[in-house]
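Written out below as structure tokens is the structure these notes cover.
In this text, all values refer to a predicted model and were calculated from it rather than measured experimentally.
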Amino acid sequence: MTEDQVRLSHSVMTIPPLTHLRAFEAAARHGSFLRAAAELGMTPAAVSQHVKALEAWMGLALFDRHPRGVTLTAAGQDFGAACQRGLEEIARAAARLTGRSRGRRVSLACQPSIVSLWLAHRLPRFRAANPDIQVSIVYPLGARTPEDAGSDLLIGHGLRPDRPADAILSAATRPIAAPAYLARSGPLTTPEALLRAELLHDATEDAWRGWFADHRLVMPQGTGPIFADFSLLVSSVVAGLGVGLCPVALVEDQLRSGALSVVSDHASDTAKDYWLISRPRPSPEAELMRRWLMDEAGR
């Protein structure tokens, strides 16, 4: 056996089985055996078995198992990143040598309200400029990072995340109403006047209660209906049902068209923003969409 053959034989023996690596890489990327199974055409149990076999081969735990899912260990994060780089390099080399390049794709995780109120009518501009890129919009399902959501990009809400992120839109909220409601209710320009208004709530009454507390006022009980979804709340405000607390940045188009009006300039959640977060090593398509989203937000 030649020296090169000896080196090749040794390298093959020290590489874990590729079926285990493929299952682990998908599970690490999605943060879920279920999502990895859907991608690979396996059952979640099969993905779990491959990961367990890989952990046995390596002699260390790559995932922590919980009743409601799995999370990568520190070793799993490190090895998952290495596997992703390796498999991506293999895929690029195969495409380059065979001429069969994979279709260009990018996925964005964000709440339905962001899509319906802000993104949907802007997205055709991205598609027109990049017709060869397929865009996928996915539910974040409580995820706070693209990795958790199994996406390239994620738009989150709140205070500044503990990782690099771009503030894409302000989350400051103000009382908003339709002209038809204001015509019935009369002027509502002061916090005290809003105490008698029909207040519409997003999920709980906490937002309005906090807004009135900022003005040293106590919100009365039973002020108006509660909506489980923010998009439903905005639709009800536009329909003239009452006054809602809304992030002005998400309803700028409705404000510009006159479908909605800002009732009071007293704002809450002024320290919060909508944050655009990318994976640590974004694909060219993800970086292109990140820059496009920032340009759209700056219009």
Side-chain angles (χ1 to χ4, degrees), residues 24-36 51 60-85 88 106-115 117-119 135-173 202-204 206-207 210-211 214 230 245-250 267-298:
F24 165 71
E25 187 276 336
R29 177 160 35 86
H30 289 292
S32 164
F33 290 174
L34 182 64
R35 291 176 182 169
V51 172
L60 51 83
L62 299 172
F63 281 97
D64 287 324
R65 276 76 171 174
H66 310 290
R68 303 184 68 178
V70 294
T71 55
L72 286 165
T73 63
Q77 292 176 8
D78 184 51
F79 192 58
C83 288
Q84 184 175 357
R85 289 194 300 271
E88 286 177 350
V106 62
S107 57
L108 170 67
C110 61
Q111 294 293 341
S113 56
I114 298 175
V115 177
L117 294 172
W118 187 80
L119 180 62
V135 180
S136 296
I137 308 297
V138 301
Y139 288 106
L141 299 175
R144 302 187 68 83
T145 67
E147 295 89 333
D148 291 341
S151 62
D152 298 300
L153 303 165
L154 178 140
I155 298 178
H157 170 269
L159 302 175
R160 176 178 288 277
D162 57 0
R163 61 182 286 175
D166 297 301
I168 187 170
L169 295 168
S170 170
T173 62
D202 178 21
T204 72
D206 292 346
W211 189 88
D214 289 343
F230 182 71
L245 270 178
C246 301
V248 172
L250 288 187
S268 57
D269 286 341
T270 54
K272 295 181 180 179
D273 288 288
Y274 289 93
W275 298 93
L276 179 59
I277 308 173
S278 305
R279 284 179 176 266
R281 289 173 294 277
S283 67
E285 293 81 9
E287 179 60 20
L288 186 66
M289 188 171 209
R290 185 193 71 80
R291 293 180 181 178
W292 177 81
L293 287 167
M294 293 302 298
D295 289 342
E296 286 293 318

Do Leu119 and Leu293 come close enough that some side-chain heavy atom pair is under 4.5 Å?
-> yes
Which pair of non-hydrogen atoms, one from Ala61 and one from Ala75, has the smallest distance, and what is that distance?
-> O-CB, 4.2 Å
Can you tell if the side chain of Pro282 reaches within under 4.5 Å of the side chain of Met289, non-hydrogen atoms only?
-> no
Is there a donor-acceptor contact under 3.5 Å from the side chain of Arg163 to the main chain of Ser278?
-> yes
Decide yes or no on side-chain contact (heavy atoms from CB on, under 4.5 Å) for Tyr274 and Leu250, but give the supporting numbers first.
-> CA-CA 10 Å; Tyr274 289 93; Leu250 288 187; 3.3 Å; yes
Identify the two heavy atoms, one from Arg281 and one from Ala81, that lie closest to each other, and give their separation to 0.1 Å.
-> NH2-CB, 3.3 Å
Is a side-chain N or O of Trp275 found less than 3.5 angstrom from the main chain of Leu154, in a donor-acceptor match?
-> no
Does His66 offer a backbone N or O that forms a donor-acceptor pair with the side chain of Arg68 under 3.5 Å?
-> no
To the nearest 0.5 Å, what is the distance between CG (Asp148) and OG1 (Thr71)?
-> 9.5 Å
Hey, is the main chain of Leu62 close enough, under 3.5 Å, to the side chain of Thr73 for a donor-acceptor pair?
-> yes
Taking atom types as modelled, find out whether Asp152 and Ser107 have a side-chain donor-acceptor pair closer than 3.5 angstrom.
-> yes
Spell out, as yes or no, whether a donor-acceptor pair under 3.5 Å connects the side chain of Arg279 to the backbone of Ser151.
-> yes
Distance-minimising heavy-atom pair for Arg290 and Leu153 = N-CD1, 4.0 Å
Taking every heavy atom of Ala286 against every heavy atom of Val106, the minimum-distance pair comes out as CA-CG2, 3.7 Å
Can you tell me how far the CG atom of Leu169 sits from the NE2 atom of His157, to the nearest 0.5 Å?
-> 10.5 Å
Of the non-hydrogen atoms in Phe230 and Pro247, which two are nearest, and what is the gap between them?
-> CZ-CD, 3.4 Å
Of the non-hydrogen atoms in Asp273 and Ser170, which two are nearest, and what is the gap between them?
-> OD1-CA, 3.4 Å
